[in-house]
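One structure is given below, encoded as structure tokens.
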Number of protein chains: 2
Amino acid sequence: MSATTADAERLVRIGEVARDAGVSVRAVRYYEQQGLLTAERSPSGQRLYPREAGARVRFFQQMYAAGLSSRNIAELLPCIESGHTDAEQRAMLHAERDRIRAKIDDLQAALDRLDEVIEVTASHP
Amino acid sequence: MSATTADAERLVRIGEVARDAGVSVRAVRYYEQQGLLTAERSPSGQRLYPREAGARVRFFQQMYAAGLSSRNIAELLPCIESGHTDAEQRAMLHAERDRIRAKIDDLQAALDRLDEVIEVTASHP
DNA sequence: CTAAAACCTGACGTTGACGTCAGGGTCAAG
DNA sequence: CTTGACCCTGACGTCAACGTCAGGTTTTAG
């Protein structure tokens with residue numbers, strides 16, 4: 001009830017965002033440089049983030065882990081925030097999805113090969 | 001029947017291996033440099049490979065795609081060829097298998113997130 | 001008030017799997 | 001015989017997501 005204008009102050013500094021997301025401070029600055037993240041500045045110039053910043057950074061990590069580049073993620077963000085996509089964005093989304101699917105299949109195939117090796121060599125200690 | 005000593009001559013040059021495996025000639029030379037591949041040499045110094053070399057290179061590609069390094073693959077090869085492993089090798093094999101499994105899960109999670117975005121934005125053209 | 005902890009801006013370093021260029025042999029075909 | 005197509009050995013270039021160091025300001029704990 002008392003939270004309409006009062007908690008706009010609930011801002012955190014970069015170190016907390018980094019710890020929250022499990023990445024380095026350097027990484028968070030890098031994301032800003034890549035246009036993935038923006039920050040207010042304190043009078044002395046320190047970055048101030050809303051508390052959701054940590055979750056946002058974890059999302060970046062998830063996308064990076066899936067093989068998306070900073071550029072891809074940057075293109076992805078407006079789609080999420082606006083809920084709207086143009087033709088080019090839809091094409092990108094589908095291409096990335098297909099790429100990830102293919103990669104999962106590749107990984108599964110590689111996993112099977114490794115398991116073969118493990119099984120065969122398990123009987124010959 | 002006539003193939004006991006006669007087809008040791010069935011050797012191919014690097015370009016054919018590369019085409020066969022779908023990689024660059026440079027890549028094949030790189031694999032040799034990493035100790036993954038050995039080649040005979042013609043009198044003039046050209047590399048000569050047995051015809052299975054293409055399949056071998058495709059195997060490398062599969063492992064690279066799974067995130068193994070040249071070093072990992074190099075450690076893997078003797079396990080395959082000898083069918084024997086020591087403790088360190090078994091540890092590596094298990095570690096890599098677990099890593100790949102975890103990566104598949106990560107990719108699946110990322111895929112789900114992407115699909116969410118695609119589904120949401122599909123209704124808002 | 002002071003020292004440690006955290007932040008700032010550059011800017012160069014790292015890593016791996018190649019790409020690419022330089023400069024030069026080799027080999028079947030016409 | 002010469003023109004391509006293919007091969008050779010270095011050796012420097014690339015790209016992305018940070019790591020790391022330098023040199024300096026700010027915030028916090030005591």
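Lettering follows sequence order; numbering is per chain, from 1.
Distance, R19(B) CZ to dA5(D) P: 13 Å, rounded to whole Å. Atom C1' of nucleotide dT27(D) and atom CG of L48(A) are separated by 12 Å, given to the nearest angstrom. Between E16(B) atom CD and dA5(D) atom C1' the separation is 14 Å, expressed in whole Å. Between the CD atom of Q34(A) and the C1' atom of dA17(D) there is a distance of 8 Å, rounded to whole Å. Between I14(A) atom CD1 and dC8(C) atom P the separation is 5 Å, expressed in whole Å. When rounded to the nearest whole Å, the span between CD of E32(B) and C1' of dA17(C) equals 16 Å. For the pair Q33(A) CD and dC15(D) C1', the interatomic distance rounds to 15 Å; values are reported in whole Å. The distance between atom OH of Y31(A) and atom C1' of dC18(D), rounded to the nearest whole Å, is 8 Å.
The residue R71(B) sits apart from the nucleic acid: no heavy atom pair falls under 4.0 Å. Looking at heavy-atom distances under 4.0 Å, R41(B) makes contact with sugar-phosphate atoms alone, never a base.
Checked against the 6.0 Å centroid threshold, Y64(B) and Y31(B) count as a close aromatic pair. Checked against the 6.0 Å centroid criterion, the rings of Y30(A) and F60(A) do not qualify as a close aromatic pair.
Contact check on E116(B) versus R97(A) returns no salt bridge, with no Lys/Arg side-chain nitrogen under 4.0 Å from an Asp/Glu carboxylate oxygen. Ion pairing between a basic and an acidic side chain is recognised when a charged N comes within 4.0 Å of a carboxylate O; R51(B) and D20(B) show no such pairing. With respect to R13(B) and E16(B), no salt bridge is recorded, no charged nitrogen being found less than 4.0 Å from a carboxylate O.
Side-chain N or O atoms of R56(A) include one that pairs as donor or acceptor with a backbone N or O of L36(A) at under 3.5 Å.
Remark: of the listed residues D105(A), D112(A), D106(A), D112(A) is the sole one forming a side chain to side chain contact (heavy atoms under 4.5 Å, CB included) with Q108(A).
At the phosphate of dA17(D), neither OP1 nor OP2 sits under 4.0 Å from any side-chain N or O atom of S69(A). For dC7(D), the OP1/OP2 oxygens have no side-chain nitrogen or oxygen of S42(B) closer than 4.0 Å. Put simply, Y30(A) has no side-chain N or O that comes within less than 4.0 Å of OP1 or OP2 on dC18(D). Note on S44(A): a side-chain N or O is less than 4.0 Å away from OP1 or OP2 of dT27(D). Using a 4.0 Å cut-off, some side-chain N or O of R47(B) falls inside it from OP1 or OP2 of dC8(D).
Of the candidate nucleotides dC18(C), dC8(C), dC18(D), dC18(C) has the atom lying nearest to any side-chain atom of R26(B). Considering only side-chain atoms of Q46(A), the nucleotide from dA17(D), dC12(D), dC7(C) that sits closest is dC7(C).
On a pure distance criterion of 3.5 Å, no polar donor-acceptor pair joins the side chain of R13(A) and the base of dT27(D).
For residues 58-68 of chain B, proximity to DNA chain D is found at no residue, defined as any non-hydrogen atom under 4.0 angstrom from a strand atom.
Looking at T38(B) and Y49(B), their side chains never bring a donor and an acceptor atom within 3.5 Å of each other.
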